[in-house]
2 protein chains.
Amino acid sequence: MNGPTNPDMCEKQCLHQDRVDRVRGDMLADVAAEGLAEIFGLLGDRTRVRILHALSLGELCVCDISAVLGATSSAVSHQLRLLRTAKLVRSRKQGKMVFYTLDDEHVRQLFAQGLEHVLERR
Amino acid sequence: MNGPTNPDMCEKQCLHQDRVDRVRGDMLADVAAEGLAEIFGLLGDRTRVRILHALSLGELCVCDISAVLGATSSAVSHQLRLLRTAKLVRSRKQGKMVFYTLDDEHVRQLFAQGLEHVLERR
DNA sequence: CATTCATATGAATATATGCTCACTTGTTGA
DNA sequence: TCAACAAGTGAGCATATATTCATATGAATG
């Protein structure tokens with residue numbers, strides 16, 4: 001009905017067509033943007049950050065993680081499923097227990113990089 | 001420290017006290033975990049990812065960003081406020097327009113690192 | 001001035017997300 | 001076979017968050 005013209009998109013005067021065209025051409029593919037948002041989103045939660053950091057220090061079972069974080073094993077298990085699905089952690093079953101380890105070197109580097117950011121901003 | 005015993009925290013048999021104690025000692029301070037989650041959370045949204053990527057290609061006004069993303073300038077403005085508050089972008093006023101640029105080198109590196117992850121995962 | 005326009009912002013709404021609770025699964029050992 | 005227990009999961013709830021809509025602000029221009 002309204003067609004492509006959206007009054008909230010200021011298509012009147014301010015648009016720098018050259019710049020816009022150039023940037024449009026270099027923009028990330030949708031999959032890439034989606035993928036980036038997904039991985040960063042996974043790292044963007046306090047509980048998951050702490051789980052991943054704990055695992056970066058060594059292998060732990062669900063119970064241990066719960067104890068370290070002071071969270072219920074249910075909450076931890078829910079989060080571990082997300083991390084497992086995204087292949088950020090790997091699980092190894094041993095009897096009743098399931099041990100988790102980091103399964104992605106990029107995560108370590110992202111952590112280090114992120115920490116630099118956190119520490120250096122002032 | 002943990003207060004009352006929580007049945008969901010399996011304090012019975014599986015706990016590897018030595019590991020837990022060691023990891024607890026090396027855990028991130030709360031502020032650090034919170035800070036990490038915050039920065040990653042900001043990067044964990046498709047719209048913000050695309051805004052930041054567009055800005056990594058050069059300075060753009062709000063209107064241009066809207067055009068590049070195909071989003072309303074209102075939506076973009078809201079997101080820019082978050083990014084500005086977190087000092088990930090910087091704004092420069094010129095007449096009616098406001099130009100934005102990336103204001104954080106870490107972001108570029110996080111992007112590169114994140115992209116590697118996205119591209120390399122099987 | 002009054003108008004137009006780029007940007008910002010508050011309120012409302014829709015959706016996403018994290019946790020708890022109750023329950024299930026699968027394993028160990030009595 | 002049965003009880004105990006670690007772990008996983010679905011439902012429900014509470015909160016967070018992204019977008020839209022309406023409106024405000026402030027700058028250029030007639």
Side-chain angles (χ1 to χ4, degrees), chain A residues 2 5-16 19-20 33-34 37-38 40-51 59-67 69-86 89-100, chain B residues 4-16 20 33-34 37-38 40-51 59-86 89-100:
Chain A
N2 282 354
T5 33
N6 183 329
D8 262 6
M9 274 195 225
C10 50
E11 312 206 355
K12 304 290 169 57
Q13 301 176 4
C14 85
L15 209 148
H16 307 87
R19 270 191 238 195
V20 171
E34 202 64 71
E38 201 179 310
F40 285 130
L42 275 170
L43 298 176
D45 172 79
R46 189 187 126 91
T47 300
R48 287 190 295 267
V49 161
R50 294 169 76 219
I51 290 176
E59 190 183 53
L60 293 171
C61 73
V62 177
C63 190
D64 295 338
I65 301 173
S66 307
L69 302 200
T72 66
S73 59
S74 176
V76 170
S77 205
H78 276 297
Q79 298 305 334
L80 282 172
R81 185 158 57 86
L82 297 181
L83 298 174
R84 218 183 322 122
T85 301
V89 302
R90 187 177 20 176
S91 64
R92 171 178 74 83
K93 196 161 185 180
Q94 180 180 309
K96 285 188 276 196
M97 291 178 281
V98 177
F99 286 90
Y100 281 85
Chain B
T5 37
N6 184 330
D8 262 7
M9 273 195 225
C10 50
E11 311 205 355
K12 305 290 169 56
Q13 302 177 3
C14 84
L15 210 147
H16 307 87
V20 170
E34 200 65 70
E38 200 180 310
F40 285 130
L42 274 170
L43 298 176
D45 173 80
R46 190 188 124 90
T47 300
R48 288 191 294 267
V49 160
R50 294 168 76 219
I51 290 177
E59 190 182 53
L60 293 170
C61 74
V62 177
C63 191
D64 296 338
I65 301 173
S66 307
V68 170
L69 302 200
T72 67
S73 60
S74 176
V76 169
S77 203
H78 276 296
Q79 299 304 334
L80 282 172
R81 186 159 56 85
L82 296 181
L83 298 174
R84 218 185 319 122
T85 302
V89 303
R90 188 177 20 179
S91 65
R92 173 177 73 84
K93 197 162 186 180
Q94 179 180 308
K96 284 187 277 197
M97 290 177 284
V98 178
F99 287 89
Y100 282 84

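FYI, side chains are in, hydrogens and waters are out, and symmetry mates aren't considered; it's all heavy atoms of this structure. Below, read A as the first sequence line, B as the second, and so on, with proteins coming before strands; counting in each chain starts at 1.
What you find for B/L80 and B/V62 is that their closest heavy atoms are CD1-CG2, 3.8 Å. Across all non-hydrogen atoms, the minimal contact from A/I65 to A/L60 is CG1-CB, 3.8 Å. When all heavy atoms of A/S91 and A/Y100 are compared, the closest pair comes out as CB-CE2, 3.6 Å. When every heavy atom of B/A71 is checked against every heavy atom of B/V76, the shortest pair comes out as CB-CG2, 4.1 Å. When every heavy atom of A/V20 is checked against every heavy atom of B/A67, the shortest pair comes out as CG1-CB, 4.1 Å. The minimum heavy-atom distance linking B/S73 with B/S66 is given by the pair CA-OG, 3.2 Å.
The side chain of B/R84 has C/dT9 as its nearest neighbour among C/dT7, C/dT9, D/dG8. Of the candidate nucleotides C/dA8, D/dA6, D/dT9, C/dA8 has the atom nearest to the side chain of B/S77. Listed nucleotides C/dT27, C/dG10, D/dT9 differ in distance to A/K96; the shortest reach to its side chain belongs to C/dT27. Considering only the side chain of B/C61, C/dT7 comes nearest among D/dA7, C/dT7, C/dT9.
What separates CG of A/L15 from C1' of C/dT4 is a distance of 17 Å, to the nearest Å. Atom NE2 of A/H16 and atom C1' of C/dA6 are 11 Å apart (whole Å). Per the geometry, CD1 belonging to A/I65 stands 9 Å off P belonging to D/dG8, to the nearest Å. In this structure, B/F99 atom CZ and C/dA8 atom P are separated by 12 Å, rounded to whole Å. We find that CG of A/L80 is positioned 17 Å from P of C/dT17, with the value rounded to whole Å. Rounded to whole angstrom, the span from the CD atom of A/E38 across to the P atom of C/dT17 amounts to 10 Å. In this structure, CG of A/L83 is placed 15 Å from C1' of D/dA7, rounded to the nearest angstrom. Straight-line distance from the CZ atom of A/R92 to the P atom of C/dT27: 15 Å, rounded to whole Å.
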Strictly under 3.5 Å: I want the nitrogen or oxygen pairs between protein and nucleotides 16-18 of chain D, one per line.
| unit_1 | atom_1 | unit_2 | atom_2 | d |
| --- | --- | --- | --- | --- |
| D/dA18 | OP1 | B/R48 | NH1 | 3.3 |
| D/dA18 | OP1 | B/R48 | NH2 | 2.8 |
| D/dA18 | OP2 | B/R48 | NH1 | 3.1 |

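In secondary-structure terms, DNA chain C builds stems of at least 3 consecutive Watson-Crick or G-U pairs, each pair having both distances under 3.5 Å, at C:1-30 with D:1-30.
Taking the side chain to side chain donor-acceptor pair (under 3.5 Å) definition, one finds that A/R48 meets it with A/Q79, sequence neighbours left out.
A side chain to side chain contact (heavy atoms under 4.5 Å, CB included) with A/I51 holds for exactly one of A/V89, A/L83, A/L82; it is A/L83.
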Taking it one step at a time, do B/H16 and A/C61 satisfy side-chain contact (heavy atoms from CB on, under 4.5 Å)? CA-CA 9 Å; B/H16 307 87; A/C61 73; 3.8 Å; yes
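Side-chain contact between B/S74 and B/H78 is present, with at least one heavy-atom pair separated by less than 4.5 Å.
The nearest heavy atom of DNA chain C to A/A75 and to A/K93 marks one nucleotide each, and the one closer to the 5' end goes with A/A75.
Ring-base stacking between B/H78 and C/dT9 is satisfied, the centre separation being under 5.5 Å and the plane angle under 30°.
The base of C/dC21 lies close enough to the side chain of A/S74 for a donor and an acceptor atom to sit less than 3.5 Å apart.
Considering only side-chain N and O atoms, B/R81 lies nowhere under 4.0 angstrom from the phosphate OP1 or OP2 of C/dA8.
Note on A/Y100: only backbone sugar-phosphate atoms sit closer than 4.0 angstrom, heavy atoms only; bases stay farther off.
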